Every structure is written in C-alpha cells, then in structure tokens.
Colleague: 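I'd like to ask you about the structure that follows.
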Number of protein chains: 2
Amino acid sequence: MKPTIYDVAKGAGVSIATVSKVINNLHVGKKSKEKVLKVMKELNYKPSVLASALAGKPTSTIGFLLPDLANPFVAEMARRVEDRAHERGFNLVICSTDFDSEKEALYVSLLRQKSVDGFILAGSFKNVEVIKELLEEHVPVVLLTESYPSLSVSSVKVDDFIGGYEVASHLISLGHEKIAVIAEDANSSQERIRGYKQALQDKGLAIYEDMIVTSDSSSEDAERVAGELLDASDPPTAIFAANDKLAICVLHAARERKLSIPDDLSVVGFDNSVLSKSTDPSLTTVGQPIQDMCSQVVDFLIEEIEGKSTTKQRLVMLPQLIIRKSTGVCRLKNKI
Amino acid sequence: MKPTIYDVAKGAGVSIATVSKVINNLHVGKKSKEKVLKVMKELNYKPSVLASALAGKPTSTIGFLLPDLANPFVAEMARRVEDRAHERGFNLVICSTDFDSEKEALYVSLLRQKSVDGFILAGSFKNVEVIKELLEEHVPVVLLTESYPSLSVSSVKVDDFIGGYEVASHLISLGHEKIAVIAEDANSSQERIRGYKQALQDKGLAIYEDMIVTSDSSSEDAERVAGELLDASDPPTAIFAANDKLAICVLHAARERKLSIPDDLSVVGFDNSVLSKSTDPSLTTVGQPIQDMCSQVVDFLIEEIEGKSTTKQRLVMLPQLIIRKSTGVCRLKNKI
DNA sequence: GTGAAAGCGCTAACAG
DNA sequence: CTGTTAGCGCTTTCAC
C-alpha cells in the first residue's frame, strides 16, 4: 500500500499532527522536522490530495471548458493555459462543450462534484444561467476570449471590435467595396462584425446585410456557405472570415471555383493560428496575444481562488493585423 | 453550504447508509428510495467525488500525458480521447510533457497524488522507468501511438512500419530514387524510417544514411534541417517527413528556395492532420484511424481500471496512404 | 513545540 | 430492508 501520514509519523516517532505541520510548512522543531523529512523521503511518501482536499484544502485543479479542443487555435490556448497553470501548481481538467448549453451545464456540475477550485470558461459560453449560479455560489470563474457586459465576472479577451475594424479598413484601402463576412455564432464574432460595419460606415461604404452570413462550426457547412457567397450574381471581391478555420474553408471553396487568391478574391482570417501560416497563399489574419491572455486568465483565476483579490477585472488586449499573401488590390479597381 | 449526505438523510428521514445505497443503486425499499430521490432533487444534492474516492471508490478521472497539446494532430487525438472518456463517465486531466523525461515523471507523480484512476501515455513517452513503476504498482496504464516491446503494457497504435513502407513505395513508383527523411526523435518515427528503408531495399535502391535527418520539435529547427537537405550538392527529389508538422516546415523551406512542389520536389507527411488539408499544394500523407484508436485506448484503460480484464493487449491498426497534390513524378525521370 | 481528538463526506461491513 | 459504526488520509483546534 501507499504510505500514509501515519506511516511517516510512526517512522519518525512523532504524531501525525507534526507530520502534517511539516507538510504544510508550519513551525516545527528543527529536529522533528528533519526526522520527518528523512522518513518521508525513505518511504517516498506523497500526501493524498483527496484527503487534504476533503479536510478543507484546495485541490489545485482548474476546470477548463472550451468549445472544441480539436480546433488548433483553441488547442494552442489550452496549451498556454496549461503552462501557466502548471507554473502556479495547478492541473487542468479539460472539457469540450461544442457550444452546447447542456454540455456546459453538465460539465460544470460534474467538475464541481470533483471539487475543482475554479473554472476558466473559454470561447462563447452559451449558458449564462450556469455562470450566474457559479457567481452566486462564489465559485471562482474567469472568462477567456469573451465577456458578459451584464455580469460581474472577470475576463480576458482581445478587442474584437478593433480587430474587425482593422480588417475592413485594410480591405477598403485595397479598393474593396463589397466585402462579405462569414462568422460562427459566437459573441466575439458579433463584435468583429460590428467593427467591420463601423469601418465601412466611416468610409462611407454601403453595408450589405445579405453578405454577412453565419455558419455552424463544421467545415462542410462553412464551405457550403462560402460557396453560396461566391456563386452570387454579384459576388464579393473580399471575404472576411471571423476565424482562420473559416478562412480556410473559404480558401477551399474558392479553389474549387478556380478563383485565384488574392487576384480574384481577397481573404482575411482571425486568430493567427498555425493554420494561417501553412496555407498557400499564407493568410492575412488578426493576431491575438495568446500567451499573455492565457497567462492572465490563469493569474486572475488563481487570485480569486486564493482569495487574494476580490475585485473583478476585465482585461482587453489589442489584436494586431498581420498582412500576408491572401489579400491584394481589388481586381475591379485593378482593371480600371 | 453545499448539502451533504447527512442533509439528505435527515430530510428523507432515513440513515445516511440508505442514502448511500440509493446513490450507488443498491437495493433499497421502494418507498425510501423515492423519498430520498425526492429530497436529493429538492436540495440539488450532488455527492462529493472527493469523499467517495477517499472511501475507496474511483475518481473517474484519467491522466492523459501527451507531448504537446499545441500540435494539431495531438489536439485532435485529445479530443477523441476526451469524447470516449466522457461517454464512459470519465474526465481527463491533460499534461503536455514536451518529450521531457523529468516532466513526465513529475506529472505522473502529481496526478497519482490526485488519485487519478489510470494513465494514457501518448506519443513517445521517454521515461521507461516511470512506466515500469506504474506497472509494478498496478496502476492502470495504456500507451497510445507507441508500444514498448519489452514491457507488458497494453497499447494502441498504427503500424508505423507499413506506413513508412507505403510512403517510400509510392515515391519510388513515381520514379524517385533519392528520398530524404526528416523525423523527430520518437519511437514511432524510427519505425516509419525502418519501413521506408525496407521499401528501398526491396526495390533494390541504395540507402543514403546522410539523407535521414532528425529535428527537434521546434519549427525553426525543422526548417533549418530541411534547408540543409535541399542545399546539398546533390539534393533529394523527394522528402518524407515523419509527420505533417515537419512536412509543412519542408514546404516552407522549399518555398524559400523557390522550389515548385511537386515539380521540383515531392513531399509526404504523416498523420493526416487538419494541417495537411489546408496547405497548398495539399499534402500527400498517411492517415491514422484516430477515432478508432482513441476509442480503443480509452476502452482498454477502463477495462483495466474496472478490473474486468487483466490481460494486456497490443492493438495495431493499419494506416492509409492518402495521395494528394504534394507528390508527383520525379523531375529527373521526367526530363529524360 | 507537540499531540489527542474531532471532523471533512462517503462507503462498507455488520447487526438488527 | 435499514441503521450503526468504523474507517479512508489529512487538517485543525485546543490542551499540555
């Protein structure tokens, strides 16, 4: 059997209380301490987190809910969160929710039964009721990549509005006037679209609502929707995809139609995920400071867990337009 | 405070033993059962996994160690494992080890303190000592994507040898004779290389050991190494990258040197990750039945955890060559 | 500075 | 069929 605190106590000739104290770095006589430490090493003793947690200590594990781990951008965030969490002595239980309200509720409930110390909710978390409940019951929660204006919850995200604004401005500066948008049904996407519209408006361009379409998170659907956009009688000269994954679907749809990029069509993505670097032409996209954002969410959450800070904070970081090869001068302007 | 089993017992007018029994679906009088169920619902009672685990029950959580969650292929596996695990009522604690022996040992130790029910070790797990220790102490372990001939541990993987063999055969059939290989230092890669060599040998071709190079897992290094290969005085006409990530680095290196693919150089990857579909030209690669593999590892592990099966098994699945646009007839043959 | 003892919430004999 | 009770391994008063 694995050694317990009793084995150590017996081996060191002290009480379990003393052993507990050296485990938790409380004041213990030097001699006892050394003896205990020695025995712990000999027995290769490791305290049970289960037991200490049951007795009131934290479990040092964080529940991390995200839309889909298979999405490379999400996976990269997960890795950054994981790294920072480990640095701070925490482990991550990861659950993919697929933007499904019920899964969200289920996983939160499950993880609470397992006594995680807190939650990081990433992506567009649908189930606001669940967030409210967590807040009411004082379970530490932090949102990543989104924020709820009406909820008093800490969050870290990029300024999606500006991101969308810059994308549209870039495209407009290249002479594009008919710029379509393809997005998923996420809050962040809506913000990006708002930014895009603002830029159009600022430049005195018309906004075509029918060129702003939504796709679910499957690649098939995205390609279909992109195709419809391209097959229109008066197709757009540029498409702004609300994330890189969608942008690649647009690329595929364009390729199928023998459209050359960026000559026939400019495409912009969002996220600057690994995907955007490997496509050809490489994708113009909007970079998010993933590392910093993830580091910050973890720190915010841990602050709450440790009760060091009770003030909620919303951190908004600035995105950066990364111009690569998928955008170019509008072909119409070009011909004139 | 969260309700406990005592609250439910009091509310239902029974003892905690009875409540425990209905929780665990043991025989209980119909009336008591209904009453208890009712009270549980009213109180929104959820048993504490901590407490039940401390009392001997499993935690229903699996430790999943993998090389790097930020790698899209790995992330996709993680997602499949997660799905199957959830179906079976388990959660996943995920840790990225970066092929680092010490991290491997550290995480295993940490997760054992947290009483995970078992481990899935994916990728090239370096620290054999740790695996041995787990085995000796009868901690359920299953390997994914690799296997140790000398260890009695269950595993699920693809037949890397055949994969490598098919890649080389395909390239040879296109007229290539100088086929370089770029790999990471993983067991699976070595197997792929063995298959590649076998194919060369079977076709009576020479094996150039200096065209078989190793890169660490960083993209920079891979590009550098690929560059050296291409800058050689008598460069290869085809490069077999042991995984898609490396293949993309090769693509980048080739693009920098204005080489056209597949006309000047054929490139093959391995894994059929999302990356391979989004590159241009799309990547010829080897597909692994990820879904089945991941489903199986989880099932193997859970069998061990539940003690239903004590026989170890090694499952080897067959990979599939997926021919896309990055491979073509050898330019030398072409010109002749 | 150290130890005895009462919990933490649940399971599992063992009686009844 | 149901309740009593002794743990599971650790933390934490509270005396000594």
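No hydrogens, no waters, no symmetry mates; every other heavy atom, side chains included, goes into these values. Treat the numbers as computed from the prediction; the structure is a model and nothing was measured. Labels below follow one simple rule: chain letters A, B, ... track the order of the sequence lines, proteins then strands, and each chain is numbered from 1.
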Colleague: How close or far is atom P of dT2(C) from atom NZ of Lys35(A), stated in whole angstroms?
Modeller: 13 Å
Colleague: May I have the distance from Asp7(A) (atom CG) to dC8(D) (atom P), rounded to whole angstrom?
Modeller: 11 Å
Colleague: Atom CD1 of Ile23(B) to atom C1' of dC10(C): distance rounded to whole Å?
Modeller: 8 Å
Colleague: With a non-hydrogen cut-off below 4.0 angstrom, is Val14(A) in contact with a base, only sugar-phosphate, or nothing?
Modeller: sugar-phosphate
Colleague: Please figure out whether His27(B) or Ile5(A) has its closest DNA chain D nucleotide nearer the 5' end.
Modeller: His27(B)
Colleague: If you look at every strand shown and take non-hydrogen atoms under 4.0 Å, does Gly56(B) touch a base, only sugar-phosphate, or nothing?
Modeller: nothing
Colleague: Nearest to the side chain of Ser20(A) - dG9(C), dT2(C), dT12(D)?
Modeller: dT12(D)
Colleague: Starting at CE of Met1(A) and ending at C1' of dG7(D), how long is that distance when rounded to a whole Å?
Modeller: 13 Å
Colleague: Compare side-chain N and O positions of Ser15(B) against OP1 and OP2 of dT2(D) and report whether any pair is under 4.0 Å apart.
Modeller: no
Colleague: Has the side chain of Thr97(A) got a donor or acceptor atom that lies under 3.5 Å from a matching backbone atom of Asp100(A)?
Modeller: no
Colleague: From the list dT11(D), dG9(C), dG3(D), which nucleotide is the closest neighbour of the side chain of Leu54(B)?
Modeller: dG9(C)
Colleague: Between Asp185(A) and Lys126(A), does a salt bridge (Lys or Arg N to Asp or Glu O under 4.0 Å) hold up when you go through it step by step?
Modeller: CA-CA 10 Å; Asp185(A) 175 30; Lys126(A) 302 287 181 199; 3.6 Å; yes
Colleague: Pick base, sugar-phosphate or nothing for Leu50(B), based on heavy-atom distances below 4.0 Å to the nucleic acid.
Modeller: nothing
Colleague: Is any side-chain N of the basic residue among Asp98(A) and Arg79(B) closer than 4.0 Å to the acidic one's carboxylate O?
Modeller: yes
Colleague: Choose from dC10(D), dT2(C), dC10(C) the nucleotide whose nearest atom is closest to any side-chain atom of Tyr6(A).
Modeller: dC10(D)
Colleague: How close or far is atom P of dC10(C) from atom NZ of Lys114(A), stated in whole angstroms?
Modeller: 15 Å
Colleague: Taking CD1 from Ile16(A) and P from dT12(D), how many angstroms apart are they, rounded to a whole number?
Modeller: 12 Å
Colleague: Just compare dC8(D), dT12(D), dG3(C) and give me whichever is closest to any side-chain atom of Lys57(A).
Modeller: dT12(D)
Colleague: Pick one: which of Leu301(B), Val81(B), Leu121(B) meets side chain to side chain contact (heavy atoms under 4.5 Å, CB included) with Leu144(B)?
Modeller: Val81(B)
Colleague: Hey, is Glu42(A) close enough to Lys38(A) for a salt bridge, meaning N to O under 4.0 Å?
Modeller: yes
Colleague: With rounding to the nearest 0.5 angstrom, report the CG to NZ distance, Asn24(A) to Lys21(A).
Modeller: 10.5 Å
Colleague: Take atom CD of Glu34(B) and atom P of dT2(D), then tell me their distance rounded to the nearest Å.
Modeller: 12 Å
Colleague: Does dG3(D) have its OP1 or OP2 closer than 4.0 Å to a side-chain nitrogen or oxygen of Thr18(B)?
Modeller: yes
Colleague: Does Ser32(A) make a side-chain N or O approach to OP1 or OP2 of dG1(C) shorter than 4.0 Å?
Modeller: no
Colleague: Picking from dG3(C), dT11(D), dA13(C), which would you name as closest to the side chain of Ala17(A)?
Modeller: dG3(C)
Colleague: Would the base of dG3(C) count as contacting Lys21(A) through its side chain, where contact means a donor and an acceptor less than 3.5 Å apart?
Modeller: yes
Colleague: Tell me which of Lys33(B) and Ala51(B) sits closer to the 5' end of DNA chain D, going by the nucleotide each one is nearest to.
Modeller: Lys33(B)
Colleague: Find the distance Met40(B):CE to dG9(C):C1' and express it as a whole number of Å.
Modeller: 15 Å
